[in-house]
Protein chains: 2
Amino acid sequence: MAKTQKSGDVYDPSCSARDALELIASKWAMLILPALADGPMRSGALLRRIGGVSQKMLTQTLRELEKNGLVIRQDMQTVPPHVEYRLSPLGASLSDVLVALDRWAELHFPELDAARERFLRRRS
Amino acid sequence: MAKTQKSGDVYDPSCSARDALELIASKWAMLILPALADGPMRSGALLRRIGGVSQKMLTQTLRELEKNGLVIRQDMQTVPPHVEYRLSPLGASLSDVLVALDRWAELHFPELDAARERFLRRRS
DNA sequence: ACCTACAGGTACCAAAAGGTGCGTAATTGA
DNA sequence: TCAATTACGCACCTTTTGGTACCTGTAGGT
């Protein structure tokens, strides 16, 4: 038992809440989980939905999320293969928070852009 | 003008909302912004508060957040140096969402741990 | 006299993230 | 018959991330 703290403090690097945070703090997880909030999806559909993700990163991230019980992988055992991914209840609760984050980004990115420009002009 | 879309869609890789998301999706930004929610802090205090962060990553991340207008750096121009960091209103609004995320991690990490163990047992 | 704290900057190096291309195997449509 | 779709796994490569160690310069404590 190397890293079992019950404190539940993300500021403590030895608490596995930190691991949870690092799992979430992934560019792709932040898009995949909210994408699945609308309902189950096949990997091909996710690939089309999430612009810019490579197939490798998509499956890699899905595996990671599955390992942590956030996503459920349902293999129909047919050929050609048909696999569906959906949120677990735990994943759904996280997805709610991530949706809020995505919406924040969509709402406020112009302000970030403006701040960056101001910053550049200041040092010129 | 290379990357100026007004759609505001994080699923579109050419929209700078995506840049905003990638800025946020950083292990350290997710801890620094909520830490500053309690009030202005000096870099030394942040270093002690956020376990496991190196001084390099702390300043690097603070610079990045400052560039994007989320954090304000106030240099008292004294010697020895005294510098305070605080949230801008924009940063405060983001911090609210990130606090929710941190709390999610603190609440649910045991379930993630349990899921990982179940996953390992299954493949053994 | 020496060490510490303060807020960094810089250089070097290791590790992780992430992209591209190739192979699997079967089915459907041109 | 040839290509595309489906969902991957694997190997190779580049880029990014992040850590360690060392430097500045001053004020205050022992």
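Note on naming: letters A, B, ... go to the chains in the order of the sequence lines (proteins, then strands), and numbering restarts at 1 for each one.
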Using the side chain to side chain donor-acceptor pair (under 3.5 Å) definition, which of the options A:Q77, A:Q74, A:R42 pairs with A:H82?
A:R42

Minimal heavy-atom distance between A:L112 and B:A20, with the atoms involved, is CD1-CB, 3.4 Å

Taking the side chain as every heavy atom from C-beta outward, state whether A:V97 and B:R103 have any pair of such atoms under 4.5 Å apart.
no

Where is the tightest heavy-atom contact between B:M57 and B:T61, given as atom of each residue plus distance?
O-OG1, 2.6 Å

Among residues 57-83 of chain A, which residues get a heavy atom nearer than 4.0 Å to DNA chain C?
A:M57, A:V79, A:P80

side-chain contact (heavy atoms from CB on, under 4.5 Å) between B:L101 and A:L94, worked out
CA-CA 8 Å; B:L101 232 171; A:L94 174 55; 4.2 Å; yes

Interface limits on DNA chain C, where chain A has a heavy atom under 4.0 Å of a nucleotide atom
C:dG18 to C:dT27

Hey, could you give me each pair passing salt bridge (Lys or Arg N to Asp or Glu O under 4.0 Å) that has a residue in residues 49-61 of chain A? Not counting sequence neighbours.
A:D38-A:R49

What's the NZ-C1' distance between B:K27 and D:dT17, to the nearest Å?
9 Å

Where do B:S26 and A:A25 come nearest, in terms of heavy atoms and distance?
C-CB, 4.4 Å

Within residues 42-49 of chain A, the residues having a heavy atom closer than 4.0 Å to DNA chain D are A:R42, A:S43, A:G44, A:R48

Return each pair, listed once, that meets salt bridge (Lys or Arg N to Asp or Glu O under 4.0 Å) where at least one residue sits in residues 77-102 of chain B; pairs must be two or more places apart or across chains.
none

Interatomic distance, B:K56 NZ vs D:dA21 C1' [rounded to whole Å]:
11 Å

Pairing residues for B:R48 by the side chain to side chain donor-acceptor pair (under 3.5 Å) criterion, not counting sequence neighbours
none

